[in-house]
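Notes follow the structure.
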Amino acid sequence: MNKFMRMLVFFDLPVVTAKDRKAATKFRNFLLKDGYHMMQWSVYSRICNGTDAVATHQQRLKQNLPEKGSVRLLTLTEKQYESIEVLLGTKTFDDSSESVELINIF
């Protein structure tokens with residue numbers, strides 16, 4: 001049985017020049033098209049069904065990295081992700097266990 005995993009992508013990209021802004025926008029648009037959801041500015045997450053799916057999306061991520069900046073990836077089990085604490089602000093739908101239950105339906 002596959003275990004649900006969360007991929008968290010953290011990034012800081014330069015946006016000083018028009019070329020930098022275009023690259024940052026292109027990277028962000030890739031993340032959104034590939035099923036990531038914004039948790040906070042420059043922090044995106046997506047759910048994957050098992051380690052094979054994580055490997056696939058990790059490869060896609062590597063193929064779409066911008067030339068400059070800093071991008072980090074952290075992969076957690078869904079159980080580990082559920083222990084996240086929101087210290088200020090509120091959880092979004094993507095932070096909740098209901099978002100995983102919808103994947104189980106499909």
Subject >> Residues Arg72, Val9; criterion side-chain contact (heavy atoms from CB on, under 4.5 Å); working and verdict >> reply: CA-CA 6 Å; Arg72 289 171 168 60; Val9 177; over 6 Å; no
**OP:** Check the pair Leu13, Val71 against side-chain contact (heavy atoms from CB on, under 4.5 Å), reporting the backbone distance first and the verdict last.
**Re:** CA-CA 8 Å; Leu13 302 178; Val71 179; 4.2 Å; yes
**OP:** Kindly indicate, with the supporting measurements, whether the criterion side-chain contact (heavy atoms from CB on, under 4.5 Å) is fulfilled by Thr17 and Arg21.
**Re:** CA-CA 6 Å; Thr17 67; Arg21 286 189 297 278; 5.6 Å; no
**OP:** Step by step, work out the side-chain contact (heavy atoms from CB on, under 4.5 Å) result for Leu8 and Met39.
**Re:** CA-CA 9 Å; Leu8 300 177; Met39 294 176 59; 3.5 Å; yes
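Each of Val15 and Leu31 belongs to its own hydrophobic cluster when Ile, Leu, Val, Met, Phe, Trp and Tyr are linked at side-chain heavy-atom distances under 4.5 angstrom. Both Leu61 and Met38 sit in one connected hydrophobic cluster of ILVMFWY residues. Membership requires side-chain heavy atoms under 4.5 Å apart, directly or through other members.
With sequence neighbours excluded, the residues that form a salt bridge (Lys or Arg N to Asp or Glu O under 4.0 Å) with Asp20 are Lys68.
Ring geometry, Phe11 versus Phe27: the interplanar angle exceeds 60°, so the pair is classed perpendicular (tilted spans 30 to 60°).
Contact check for Leu73 versus Met7: side-chain heavy atoms found under the 4.5 Å cut-off. Between Tyr44 and Arg28 there is a side-chain heavy-atom pair separated by less than 4.5 Å.
In this structure, CD in Gln40 is found 10.5 Å from OG in Ser45, a value given to the nearest 0.5 Å. With rounding to the nearest 0.5 Å, the separation of CG in Leu65 from CZ in Arg60 is 14.5 Å. Here OG1 of Thr75 is found 11.5 Å from NE2 of His57. Values are rounded to the nearest 0.5 Å.
Minimum interatomic distance between Ala53 and Cys48 (heavy atoms only, all atoms of both residues): CB-CB, 3.8 Å.
Look at Glu78 and Lys3 and you find no salt bridge, because none of the NZ, NE, NH1 or NH2 atoms lies under 4.0 Å from a carboxylate O.
With Ser83 contributing its side chain and Lys79 its backbone, the two residues share no donor-acceptor pair below 3.5 Å. The backbone N or O of Phe30 lies less than 3.5 Å from no partner atom in the side chain of Asp34, so there is not a single donor-acceptor pair. Looking only at distances, a side-chain donor or acceptor of Gln80 sits under 3.5 Å from a matching main-chain atom of Thr77. A distance-only check finds no donor-acceptor pair linking the side chain of Thr25 to the backbone of Lys22 [under 3.5 Å].
Glu67 CD: 12 or fewer foreign heavy atoms inside a 6.0 Å radius.
Both cation-pi conditions hold for Arg6 and Tyr81: the charged atom is under 6.0 angstrom from the six-membered ring centre and inside a 45 degree cone around its axis.
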